[in-house]
Number of protein chains: 2
Amino acid sequence: MPTGPTPRQQARADNIVRIKELALAQLAESGAAALSLRAVARELNLVSSAIYRYYASRDDLLTDLIVDAYADLAEVLEAAGAPDRRGARRRWIDTCLALRAWATAEPHRFTLIYGSTIPGYAAPEATIAPAGRVVRALCLPAAAGPSAGPSAARRGPGGELGGQLGAAAEALGLEVDRTRMLDLTAAFARLVGLLTLELNGQFTGGFEPADALYGVLVEREADVLGL
Amino acid sequence: MPTGPTPRQQARADNIVRIKELALAQLAESGAAALSLRAVARELNLVSSAIYRYYASRDDLLTDLIVDAYADLAEVLEAAGAPDRRGARRRWIDTCLALRAWATAEPHRFTLIYGSTIPGYAAPEATIAPAGRVVRALCLPAAAGPSAGPSAARRGPGGELGGQLGAAAEALGLEVDRTRMLDLTAAFARLVGLLTLELNGQFTGGFEPADALYGVLVEREADVLGL
DNA sequence: CCGCAATCGAGAGCAGTGCTCTCTCAAACC
DNA sequence: GGTTTGAGAGAGCACTGCTCTCGATTGCGG
């Protein structure tokens with residue numbers, strides 16, 4: 001019979017959850033730079049050194065939060081773009097709107113994954129798969145489109161760029177040709193770019209709130225993608 | 001007669017320059033989060049408290065670096081897009097390429113201005129004008145285009161978005177109608193988005209280096225803008 | 001059921017940070 | 001020449017990440 005977790009394991013799991021919650025709260029109000037392990041420990045009525053029983057370093061905690069953020073975002077996008085009676089255009093647009101809704105609801109988590117990283121800091125191995133899942137979730141509703149088809153997966157731009165696009169499509173498990181992959185990549189970059197600018201206040205005074213702008217641009221993306 | 005700066009003023013100016021240089025060097029190798037005033041003071045053979053004669057706080061120094069980065073980038077873009085015998089399309093493309101060249105040459109400075117900011121941290125007044133200058137420099141070569149004209153500056157989408165676009169165009173001193181402003185805003189967001197993703201290593205494994213991708217997408221932007 | 005090993009928290013401590021305050025000394029100005 | 005202004009030194013506070021050691025508790029194997 002499958003024995004449940006021992007009390008100790010349970011307590012440990014609970015503590016990890018609480019640590020993440022508190023860390024997320026700190027993140028939301030002061031940003032990633034101000035995340036303090038000691039402060040988390042304090043709020044947990046733990047002595048500072050005890051935190052290291054759960055995370056070997058501050059970066060480890062951050063990495064965990066990043067992975068969680070990717071996973072949550074991917075889930076949201078997958079739900080928004082799930083295949084159903086809606087047409088591809090509607091699913092694509094809903095997915096894009098879900099992206100912005102998530103980003104504006106949790107700006108600290110969005111900037112955690114798409115904001116600036118430290119120079120020379122390579123994304124830990126653990127984060128690349130979840131990151132890909134987000135890209136895939138966003139692209140999937142728009143994967144089928146002009147010149148797309150299972151047997152065309154190898155066609156499209158040749159040369160270096162063609163190889164990169166083909167590899168990227170394959171890595172994401174998207175059955176699209178290279179031209180389509182180029183369009184999807186561009187669309188992804190545009191959306192993330194727009195949100196990054198908005199969240200960083202680059203639009204302050206001009207486009208606050210940017211709902212209308214975003215709405216129009218998403219429609220345009222749909223047009224460009226032939227949805 | 002205009003007396004030159006006193007030795008004291010000169011020494012002070014020199015020190016500020018040296019502080020910025022050292023800070024930039026730190027930024028380049030460890031990121032903005034790791035910028036340490038004490039470390040800068042140490043390299044300057046100064047005791048830590050003496051730094052505060054020049055900058056009242058760490059944030060003040062960062063703000064200064066941000067303003068400088070905007071100014072430098074704007075200068076580069078203005079030079080790349082300066083009116084001359086080249087056609088508008090060529091000038092636009094050259095400007096876009098200059099943007100990427102600057103961003104990849106000084107990734108720490110690019111992420112300093114377009115990377116993530118701290119939640120609740122409002123951009124200091126001093127930074128918004130230089131930020132606008134960059135936008136203007138990028139848009140200028142593509143300002144003239146379909147449906148554009150001095151007397152059309154008020155036309156284009158109406159409603160909330162129309163007002164925002166009109167105000168933005170006016171604030172930047174761009175003589176474009178609102179439709180054009182929408183296109184320019186979108187193009188700006190796309191380019192910055194793409195570069196942000198690239199510099200943050202979101203393309204690792206797929207599109208490194210992203211020269212080819214960027215080149216193709218810039219050509220496309222030119223098409224969309226009717227250049 | 002009992003002993004041994006793994007785990008956890010406490011506490012002290014190190015090196016570093018931003019920033020403040022006071023003091024001294026030299027340069028600049030009247 | 002006397003006085004004001006500015007620069008640097010030094011000590012200190014509160015904080016950070018992280019390490020090490022040392023009891024105490026838990027849980028597993030014999």
Side-chain angles (χ1 to χ4, degrees), chain A residues 1-20 22-27 29-66 112 117-118 120-121 124, chain B residues 1-20 22-27 29-66 112 117-118 120-121 124:
Chain A
M1 53 177 285
T3 69
T6 70
R8 203 163 220 175
Q9 286 171 330
Q10 186 58 46
R12 183 179 179 83
D14 289 351
N15 272 340
I16 289 183
V17 169
R18 293 183 62 194
I19 289 174
K20 285 201 224 176
L22 292 170
L24 234 28
Q26 264 193 48
L27 220 70
E29 72 177 61
S30 328
L35 208 202
S36 157
L37 286 187
R38 289 184 107 113
V40 170
R42 224 175 295 132
E43 294 191 69
L44 247 149
N45 288 324
L46 273 188
V47 91
S48 71
S49 62
I51 275 285
Y52 293 88
R53 298 283 175 199
Y54 300 92
Y55 286 100
S57 74
R58 206 187 86 115
D59 278 1
D60 273 27
L61 211 201
L62 278 174
T63 299
D64 215 3
L65 295 179
I66 289 173
L112 187 65
T117 54
I118 313 165
Y121 168 86
Chain B
M1 53 179 284
T3 68
T6 70
R8 205 164 217 174
Q9 286 172 329
Q10 186 58 48
R12 183 178 178 82
D14 288 351
N15 272 341
I16 289 184
V17 168
R18 292 183 63 195
I19 289 174
K20 285 202 225 174
L22 293 170
L24 234 28
Q26 264 193 49
L27 221 71
E29 72 178 61
S30 331
L35 208 201
S36 158
L37 286 187
R38 289 183 107 114
V40 170
R42 223 174 295 130
E43 294 192 69
L44 243 144
N45 287 324
L46 274 187
V47 91
S48 70
S49 61
I51 274 285
Y52 293 87
R53 297 283 174 196
Y54 300 92
Y55 286 99
S57 73
R58 206 187 86 115
D59 278 1
D60 273 27
L61 211 200
L62 278 174
T63 299
D64 215 4
L65 295 180
I66 289 173
L112 187 65
T117 54
I118 313 166
Y121 168 87

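The sequence lines fix the lettering, A, B, ..., with proteins before strands; numbering per chain opens at 1.
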Any idea which heavy atoms bring B/Leu61 and B/Ala23 closest together, and the distance? CD1-CB, 4.0 Å
Whole-Å gap separating C1' (C/dC8) and CD1 (A/Ile19): 12 Å
Indicate for each nucleotide in nucleotides 25-30 of chain C, in 5' to 3' sequence, whether protein heavy atoms under 4.0 Å reach the base (B), only the sugar-phosphate (S), or nothing (-). --BSS-
If I take atom CG from residue B/Asp14 and atom CD from residue B/Gln9, how far apart are they, to the nearest 0.5 angstrom? 12.0 Å
Anything under 3.5 Å between a protein N or O and an N or O of nucleotides 19-21 of chain D, put it in a table, one pair a line.
none

Applying a 4.0 Å non-hydrogen cut-off, can you work out what B/Ile51 is touching in the nucleic acid: base, sugar-phosphate, or nothing? nothing
Name all residues meeting the side chain to side chain donor-acceptor pair (under 3.5 Å) criterion together with B/Glu43; count only those two or more places apart in sequence or in a different chain, and write none if there are none. none
A/Ile19 and A/Leu37, any side-chain heavy atoms less than 4.5 Å apart: no
To the nearest Å, how far apart are B/Leu62 CG and C/dC19 C1'? 15 Å
d(CG, A/Leu35; C1', D/dT16) in whole Å: 12 Å
Let me have the donor-acceptor pairs involving side chains of residues 44-56 of chain A, under 3.5 Å, with sequence neighbours excluded, atom names and distances please.
unit_1: A/Tyr54; atom_1: OH; unit_2: A/Asn15; atom_2: ND2; d: 2.7
unit_1: A/Tyr55; atom_1: OH; unit_2: A/Asp64; atom_2: OD2; d: 2.5

Using side-chain contact (heavy atoms from CB on, under 4.5 Å) as the criterion, list what pairs up with B/Leu24, not counting sequence neighbours. B/Leu27, B/Leu65, B/Arg109
For atom CD1 of A/Ile16 and atom C1' of C/dT7, their distance in whole Å: 13 Å
With heavy atoms under 4.0 Å as the rule, sort A/Tyr54 into base, sugar-phosphate or nothing. sugar-phosphate
Can you sort out which residues in residues 40-47 of chain A have a heavy atom within less than 4.0 Å of DNA chain D? Ascending by number, please. A/Arg42
CZ of A/Arg12 versus C1' of C/dA6: gap in Å, rounded? 12 Å
If I take atom CG in residue B/Leu61 and atom C1' in nucleotide C/dC19, what distance separates them, rounded to the nearest angstrom? 14 Å
In whole angstroms, the gap separating P of D/dA7 from OH of B/Tyr55 amounts to 13 Å
Under-4.0 Å side-chain N/O to phosphate OP1/OP2 contact, A/Asn15 with C/dC8: no
What is the distance from CZ of A/Arg38 to P of C/dC14, rounded to the nearest Å? 13 Å
Phosphate contact (D/dC18 OP1 or OP2) by A/Arg58 side-chain N/O below 4.0 Å: no
Hey, does B/Gln26 have a side-chain heavy atom less than 4.5 Å from the side chain of B/Leu22? no
